[in-house]
Amino acid sequence: FVSTELQWNLLNSSFPAGLVHAFGYPTAAIGSIVGLGCACTLGYLLILPRLPAVFNRRRPVNLLMSYFGMALAWVVMLLALVPTHNSVIFILGCFIFLSQGTTSQ
């Protein structure tokens, strides 16, 4: 729980700051982007029970899968900043984190 909470706090500060400072997004657009990520996460959570069992394992496997997904999301966000400087990839990484972090709760 503690590591998930720390990662959420880091995402909540780095996601908007990264979009504004690294990619030059206007601050007015940040709320819409975060809201779209939350809507995508809600959609993922709603279809999760209907997905094949490989996506919805019992504990502790589901936690391991969601923590792996969160780590993968951080790698995607880092790759978006360092070699490519692509904001779409950065946003995709944030959306992956949102969905995986929510499933770990």
Side-chain angles (χ1 to χ4, degrees):
F1 174 75
V2 173
S3 79
T4 307
E5 190 66 28
L6 291 173
Q7 287 188 56
W8 272 111
N9 290 339
L10 184 61
L11 180 79
N12 287 334
S13 61
S14 66
F15 187 18
L19 290 175
V20 170
H21 297 293
F23 299 109
Y25 277 72
T27 54
I30 303 303
S32 298
I33 295 170
V34 173
L36 178 63
C38 292
C40 291
T41 298
L42 176 64
Y44 174 70
L45 289 175
L46 289 174
I47 65 167
L48 188 59
R50 292 170 185 84
L51 291 176
V54 76
F55 292 101
N56 198 8
R57 300 282 187 174
R58 294 184 183 265
R59 288 188 185 262
V61 177
N62 67 336
L63 290 175
L64 294 172
M65 289 173 61
S66 64
Y67 275 93
F68 176 77
M70 287 189 287
L72 178 69
W74 286 116
V75 170
V76 168
M77 287 185 272
L78 181 64
L79 290 175
L81 287 173
V82 178
T84 62
H85 200 70
N86 188 337
S87 65
V88 174
I89 296 173
F90 182 79
I91 292 170
L92 178 67
C94 292
F95 285 9
I96 292 169
F97 183 89
L98 285 170
S99 66
Q100 296 303 302
T102 303
T103 57
S104 72
Q105 297 293 324

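Position 1 is the first residue of the sequence, and the numbers go up from there. On a predicted model such as this, the values are computed, not experimentally measured, just so you know.
- Cluster membership check: Trp8 does not share its hydrophobic cluster with Phe68, using side-chain heavy-atom separations under 4.5 Å among Ile, Leu, Val, Met, Phe, Trp and Tyr.
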List the steps and the verdict of side-chain contact (heavy atoms from CB on, under 4.5 Å) for Ser99 and Phe95.
CA-CA 6 Å; Ser99 66; Phe95 285 9; over 6 Å; no
For Leu11 and Met77, what are the C-alpha separation, side-chain angles and deciding distance, and is it a side-chain contact (heavy atoms from CB on, under 4.5 Å)?
CA-CA 10 Å; Leu11 180 79; Met77 287 185 272; 4.1 Å; yes
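- When all heavy atoms of Ile33 and Phe15 are compared, the closest pair comes out as CG2-CZ, 3.8 Å.
- Residues Ile89 and Ala80 share a closest heavy-atom pair of CG2-CB, 3.6 Å.
- When hydrophobic clusters are built by joining Ile, Leu, Val, Met, Phe, Trp and Tyr residues whose side-chain heavy atoms come closer than 4.5 Å, directly or via intermediates, Met65 is not grouped with Val76.
- In the hydrophobic cluster analysis, where Ile, Leu, Val, Met, Phe, Trp and Tyr join through side-chain heavy atoms closer than 4.5 angstrom, Leu64 is grouped apart from Leu48.
- Taking both residues in full, the closest heavy atoms of Met70 and Ser104 are given as CE-OG, 4.1 Å, listed atom of the first, atom of the second, then distance.
- Cluster membership for Tyr25 and Leu92, using ILVMFWY side-chain heavy atoms within less than 4.5 angstrom, is not shared.
- Checking Ile91, Leu81, Asn86 one by one against Phe23, the side-chain contact (heavy atoms from CB on, under 4.5 Å) holds for a single residue, Leu81.
- Residues Gly69 and Ile96 come closest through the heavy atom pair O-CG2, 3.8 Å.
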Check the pair Leu98 / Tyr44 against side-chain contact (heavy atoms from CB on, under 4.5 Å), numbers first and verdict last.
CA-CA 10 Å; Leu98 285 170; Tyr44 174 70; over 6 Å; no
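- Grouping the Ile, Leu, Val, Met, Phe, Trp and Tyr side chains by contacts below 4.5 angstrom, directly or via other members, places Phe90 with Val34.
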Leu10 vs Trp74, test: side-chain contact (heavy atoms from CB on, under 4.5 Å). Steps then yes/no.
CA-CA 11 Å; Leu10 184 61; Trp74 286 116; 3.9 Å; yes
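- Between Ile30 and Val20 the shortest side-chain heavy-atom distance falls below 4.5 Å.
- When all heavy atoms of Leu79 and Thr84 are compared, the closest pair comes out as O-OG1, 3.2 Å.
- Residues Pro16 and Asn12 approach most closely at CD-O, 3.2 Å, considering heavy atoms.
- Here SG of Cys40 is found 11.5 Å from CG of Leu45. Values are rounded to the nearest 0.5 Å.
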